[in-house]
Each structure stands twice: as C-alpha cells, then as structure tokens.
2 protein chains.
Amino acid sequence: MAVAERRERERIARREAILDAAQRLTAEVGYQALRMDAVADAAELSKGTIYLYFANKEALCAGVASRLIDELLPVLEKNLAKTSSGLDAVQQVLQTYFDFTREHPHHFRFAVSWLSSGERMDDSTEAFQLYRERVGHVLQHAVTAIERGQADGSVRLDVDPLPQALQLWSSMLGVILINLNKESVSQRLPMPVDLDQVVNVHIEAMARALARKERS
Amino acid sequence: MAVAERRERERIARREAILDAAQRLTAEVGYQALRMDAVADAAELSKGTIYLYFANKEALCAGVASRLIDELLPVLEKNLAKTSSGLDAVQQVLQTYFDFTREHPHHFRFAVSWLSSGERMDDSTEAFQLYRERVGHVLQHAVTAIERGQADGSVRLDVDPLPQALQLWSSMLGVILINLNKESVSQRLPMPVDLDQVVNVHIEAMARALARKERS
DNA sequence: TGCCCTAATGACCGTTAGTCAGTGGCTGAC
DNA sequence: GTCAGCCACTGACTAACGGTCATTAGGGCA
C-alpha cells in the first residue's frame with residue numbers, strides 16, 4: 001500500500017507546516033496571545049483542520065516548545081564540552097539556559113505556565129510527552145555536572161546531586177522569570193535595580209554554595 | 001456635608017464587601033478561575049457595579065493580593081525579631097515567605113503572573129500601586145537582613161545588599177513556584193523527586209553562599 | 001462509473017470579560 | 001410638600017476566542 005505511506009508522509013508534512021506557522025506567530029506575539037484563527041490563516045487551513053492535528057491550543061504550543069528545546073540540547077552539550085571542571089560545568093548549564101531564554105522568551109513563559117498550571121492543563125498528549133522528556137535531558141546535564149564536580153574535587157561532597165540539580169533549576173527559573181520581565185518588574189518595584197546584574201550575582205552565589213573550597 | 005461623608009463611608013464599605021466576596025471565592029478557586037459574575041453574585045450586586053469599583057478583573061485581584069500581603073508583613077517582622085544574626089534573618093525571610101505561599105498559594109500564583117505579564121497587565125490602578133509598595137517592604141526586609149549580617153560578621157562583605165536581596169527573592173520565587181506545583185511538576189518530570197526537600201536545600205545553599213565563614 | 005473513505009471546511013456554540021442605556025430612589029433647592 | 005437632578009446601580013448586550021460538528025470535496029478502488 002504505497003498510498004497509505006504517502007498519506008502518512010503528507011500527514012506529517014502538514015503537521016510540520018502547522019507547527020511552522022505556529023512557531024512563526026508565537027515568536028511574534030507569544031503563546032498566550034497566539035490565536036488559533038491566526039494559526040489557521042497562516043497555515044492556509046481552516047481552524048477545524050488544526051484540531052485534526054492537535055487536540056487543543058496547549059498541545060500545539062507544546063509542539064512548538066518541543067522544537068525549541070531541541071535547539072537547546074546541542075548548544076548545551078557543545079558548551080559543556082569546553083568546561084574545565086564540574087563546578088565550571090554547573091555554571092555553564094545555568095548560563096546556557098539563561099542565554100537560551102533570552103533568545104526564546106516566549107518558550108520560557110510557556111514552560112513556566114506549564115509548570116505552574118496545576119490541574120488546568122491537560123498534558124497527556126504526545127507533544128507533551130516529548131517535551132517532558134527533553135526537559136528531563138536538560139536536568140540530567142545538571143545532575144551529571146554536579147557528579148563530575150564531586151569526582152574532580154571542585155564540588156563539595158555533602159550535596160545530593162539530584163535535589164541540588166533541582167534546586168539549581170528551580171532557582172534559576174525564578175531569576176530568569178524576573179530578568180525576562182525586567183522592564184516591568186523594575187517599574188513595579190519601588191527601588192531602582194539592575195536585573196541583569198542579578199543573574200550574575202545568582203550564578204556566582206550558586207557556585208559559592210557548591211564549591212568545595214572557599215573561592216576568592 | 002454629612003451626606004457626602006456618609007456616601008464616602010458607604011463607598012469604602014461596598015468596596016470592602018466586594019473584596020470580601022472576591023477573597024472568599026479566590027481562596028476556593030484561584031485568581032484565574034475567578035468569575036466576575038460569581039463575584040457579583042457573592043457580593044449581592046450586579047456585575048456592572050463591580051466595574052464601578054474596580055477597573056477590571058486584574059485590579060480586583062490586585063486588591064485581594066494587597067490584603068493578603070498585608071498579613072505577611074507583621075508575621076515576617078515577628079519572626080525577624082527572634083533571629084540571632086543577620087544570616088539567620090536572611091534564612092528567616094526566605095522561610096517565612098515560603099510558609100506564607102503555602103498558606104496562600106493563589107496569591108503567589110497571582111504575583112508570578114503579574115511579574116511575568118510583560119505589557120499585558122495594566123497595573124496603573126491604585127490597587128496595584130499599593131500592592132507594589134507592599135512587595136517593596138518585603139524586599140526591604142531582605143536588604144536589611146543582609147546589611148545586619150555584614151555588620152555582625154555573619155555575612156560576607158563582598159556582596160552588595162540590594163542585588164543580593166533581589167537574587168534571594170527571585171531565586172526563592174522559582175523554588176516556591178516549583179514547590180507549589182509539586183504534584184504536577186513531579187508527574188511531569190521523568191525522574192522521581194522530593195520537591196519539599198528542594199526548598200530546604202535551597203535555603204541551605206543560600207546560607208552557604210552568603211556566609212562569611214565556611215559553615216559545617 | 002459510482003461508491004466510499006478520509007481530509008478539510010467554516011458556520012456555529014459556549015463561555016466570559018467588559019459596556020452602556022436605562023431605572024429608581026435619595027437629596028436639597030424652592 | 002414637591003420635583004428636578006444626580007448618582008449608584010442594573011442586567012441585557014457585545015466582542016473575542018477556544019473548540020465542535022454536520023457537511024462537502026475529491027482521490028482511490030471495485
């Protein structure tokens with residue numbers, strides 16, 4: 001049945017075309033302002049068709065998010081390869097993730113709303129499964145960096161790699177969240193602040209907290 | 001004009017009654033699921049009337065949030081009075097804020113969406129001004145704790161109190177965000193994790209990063 | 001040629017934030 | 001005491017948007 005195979009290829013191609021359109025629009029306006037009608041228009045399809053390929057708006061967004069986080073992993077691995085110690089690698093994971101969110105702020109906002117969605121978001125779809133897996137890979141790099149540091153003597157031995165990696169990840173999440181919205185946050189705070197500086201302060205603080213010996 | 005004064009009192013009382021209703025409902029369902037019709041029903045007013053007292057849903061939520069954060073400040077001050085050193089006070093600020101968000105998870109979610117809203121949210125209303133001011137007070141306590149630690153020798157001298165307080169605040173934000181959604185986050189991660197432990201790991205790490213001397 | 005199956009359509013629905021022309025009761029001038 | 005005017009309040013209405021479904025188009029197979 002060559003017909004069935006062609007149909008399957010066409011189906012995948014159409015799905016990718018929808019994702020292309022959604023990704024383009026998302027880069028402009030973000031996930032929350034993304035309109036399903038606009039996606040349909042941009043993909044030159046009717047709205048109903050979008051729902052033949054994605055269960056709902058969130059599943060579509062997860063599809064876009066999966067594509068983006070795919071771009072992060074090779075960059076992260078390239079940067080990690082250059083590091084001289086485990087502690088250096090820890091800092092590199094944080095810095096690379098930060099740089100990535102600067103390039104793709106909407107992706108980060110989506111990740112935050114996904115993580116904080118509670119029961120609201122139905123993430124049982126295939127697109128979410130994939131996204132979840134990718135996030136796990138990033139976290140695994142942090143765990144590995146800590147273990148490497150404990151092996152090479154740059155990271156203190158009394159930290160537990162997995163909880164510590166989660167601490168690094170979640171605290172970085174907060175710092176990035178604030179930095180990403182620095183214009184509005186600094187307006188919204190009563191004191192003057194330099195929120196770019198805070199990112200460096202944070203990465204430095206994390207390094208001090210993990211370092212085996214007091215750093216200069 | 002005793003009439004004008006009575007009118008003003010009534011206006012304030014009505015506003016408070018609306019806030020009462022909104023706060024009650026918010027505690028049940030959260031800000032996002034709060035329906036303006038439901039607020040109107042609960043306050044025994046028509047929906048239009050709600051909009052005579054609050055510009056929009058966000059302003060109403062900011063009103064509720066202001067009330068809640070008002071509860072935090074006295075508790076924080078009480079807890080800080082018991083601390084034995086500046087470093088201890090830093091930890092107490094973090095712990096108290098964490099405990100508060102456990103009691104009022106919806107408030108925290110609102111704060112996060114406010115901070116990450118970018119241009120979306122119009123926070124020029126009076127309710128937001130007040131809320132902003134209160135958040136500033138909490139931050140100020142963190143700054144003061146660091147300065148106190150530098151004075152009493154518990155905190156290293158090479159940290160700049162304001163950026164460091166912002167680092168503490170924003171990183172704690174991320175850790176709390178993850179903890180608040182721990183059920184869904186742990187489901188969504190491919191590895192098993194204890195997210196309550198991560199909060200303690202974080203506060204410990206922060207203390208190590210700020211401590212003047214290596215802690216045991 | 002004609003039947004069938006799949007992909008695609010777009011008018012339609014439900015929900016919900018926000019609006020506005022209309023109502024009624026209190027006030028204060030006369 | 002009367003009544004014009006003001007003001008708080010009303011609730012039906014609109015707009016926007018995510019999601020649905022009865023219907024249609026057209027390629028493939030007997």
Side-chain angles (χ1 to χ4, degrees), chain A residues 1-18 21-22 25-26 29-64 110 113-114 117 120-125 127, chain B residues 1-19 21-22 25-26 28-64 110 113-114 117 120-125 127:
Chain A
M1 271 301 153
V3 171
E5 285 165 22
R6 196 207 63 213
R7 284 244 170 91
E8 180 59 19
R9 279 200 311 277
E10 281 173 355
R11 188 173 168 79
I12 291 172
R14 180 128 297 174
R15 198 188 130 96
E16 291 300 308
I18 294 171
L25 290 172
T26 300
V29 302
Y31 291 89
Q32 117 130 18
L34 185 70
R35 301 291 165 235
M36 294 304 269
D37 288 290
V39 174
D41 267 10
E44 294 176 300
L45 291 167
S46 75
K47 191 161 63 160
T49 304
I50 307 298
Y51 284 89
L52 293 176
Y53 289 86
F54 296 92
N56 50 40
K57 181 178 167 179
E58 279 157 5
L60 175 61
C61 292
V64 174
F110 174 73
S113 72
W114 172 56
S117 62
R120 286 201 311 282
M121 207 180 275
D122 171 25
D123 59 359
S124 54
T125 56
Chain B
M1 270 305 152
V3 171
E5 285 164 22
R6 196 206 64 215
R7 283 245 170 92
E8 180 60 18
R9 278 201 311 277
E10 282 174 354
R11 188 175 167 79
I12 291 171
R14 180 126 298 174
R15 198 189 128 96
E16 291 300 308
I18 294 171
L19 282 173
L25 291 171
T26 300
E28 284 169 31
V29 302
Y31 291 90
Q32 116 129 19
L34 186 70
R35 301 291 165 236
M36 295 303 270
D37 288 292
V39 174
D41 267 9
E44 295 177 300
L45 291 167
S46 75
K47 192 160 64 161
T49 305
I50 308 298
Y51 285 89
L52 294 175
Y53 289 85
F54 296 92
N56 50 41
K57 181 178 167 179
E58 278 156 6
L60 175 60
C61 291
V64 174
F110 174 74
S113 72
W114 172 56
S117 62
R120 287 201 312 280
M121 209 180 273
D122 172 24
D123 60 359
S124 55
T125 56

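Computed from a predicted structure; not experimentally measured. So you know, we letter chains A, B, ... as the sequences are listed, proteins then strands, and number each from 1. Both backbone and side-chain heavy atoms feed into the values below; hydrogens, waters and symmetry mates do not.
Contact between the side-chain N/O atoms of B/Ser46 and the OP1/OP2 oxygens of D/dT10 is found at a separation under 4.0 Å. Considering only side-chain N and O atoms, A/Thr49 lies nowhere under 4.0 angstrom from the phosphate OP1 or OP2 of C/dA8. Dashed line: the shortest gap from a side-chain N or O of A/Tyr53 to OP1 or OP2 of C/dA7 is not under 4.0 Å.
Protein atom CG of B/Leu52 is 11 Å distant from nucleotide atom C1' of C/dC20, rounded to whole Å. Atom pair B/Asp41:CG and D/dT10:C1' shows a separation of 13 Å (rounding to whole Å applied). The interatomic distance linking A/Arg11 (CZ) with C/dT6 (P) rounds to 12 Å, in whole Å. As a whole-Å value, the separation of B/Arg9 CZ from D/dA8 P is 15 Å. Between A/Ile50 atom CD1 and C/dG10 atom P the separation is 12 Å, expressed in whole Å. Atom C1' of nucleotide D/dC9 and atom CD of B/Glu44 are separated by 14 Å, given to the nearest angstrom. Counting to the nearest Å, the P atom of D/dA8 and the CD atom of B/Glu8 are 10 Å from each other. Taking atom CZ of residue B/Arg15 and atom P of nucleotide D/dA8, one finds them 15 Å apart after rounding to whole Å.
Here the closest heavy-atom approach between residue A/Asn56 and residue A/Met36 is recorded as C-CE, 4.3 Å. The two residues B/Leu25 and B/Leu34 come nearest to each other via the heavy atoms CB-CD1, 3.5 Å. Contact detail for B/Ala22 and B/Val64: the closest heavy-atom pair is CB-CG2, 3.8 Å. Residues B/Ala62 and B/Phe110 come closest through the heavy atom pair N-CZ, 3.7 Å. In terms of heavy-atom proximity, A/Ala21 sits nearest to A/Ala42 at CB-CB, 3.9 Å. The shortest heavy-atom contact between A/Ser46 and A/Ala40 is C-CB, 3.7 Å.
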Give me the distances for all protein-to-nucleotides 4-7 of chain D N/O pairs that come in under 3.5 Å?
none

Taking only nitrogen or oxygen atoms into account, show me every contact under 3.5 Å that the protein makes with nucleotides 14-18 of chain C, one pair per line with its distance.
from   : atom 1 : to      : atom 2 : distance (Å)
C/dT16 : OP1    : B/Arg35 : NE     : 3.0
C/dT16 : OP1    : B/Arg35 : NH2    : 3.4
C/dT16 : O5'    : B/Arg35 : NE     : 3.4
C/dA17 : OP1    : B/Leu34 : O      : 3.3
C/dA17 : OP1    : B/Arg35 : NH1    : 3.1
C/dA17 : OP2    : B/Met36 : N      : 3.1
C/dA17 : N7     : B/Lys47 : NZ     : 3.2
C/dG18 : OP2    : B/Tyr51 : OH     : 3.1
C/dG18 : OP2    : B/Lys57 : N      : 2.9
C/dG18 : N7     : B/Lys47 : NZ     : 2.9
C/dG18 : O6     : B/Lys47 : NZ     : 2.8

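For A/Lys57, there are no salt bridge (charged side-chain N to carboxylate O under 4.0 Å, His left out) partners two or more places apart in sequence or in a different chain. By the side-chain contact (heavy atoms from CB on, under 4.5 Å) test, A/Tyr53 pairs with A/Arg11, A/Arg14, A/Arg15, A/Ile18, A/Thr49, sequence neighbours left out. The side-chain hydrogen bond (donor to acceptor under 3.5 Å, both in side chains) check on B/Glu16 picks up B/Arg67, with sequence neighbours excluded.
For the helix from C/dT1-D/dA30 to C/dC30-D/dG1, the axis fitted to the five pairs at one end and the axis fitted to the five pairs at the other end meet at an angle of 30° (nearest 10 degrees).
For CD of A/Glu44, the number of neighbouring non-hydrogen atoms (other residues, nucleotides, ligands) closer than 6.0 Å is 12 at most.
Rounding to the nearest 0.5 angstrom, the gap separating the CD1 atom in B/Ile12 from the CG atom in B/Leu19 is 12.0 Å.
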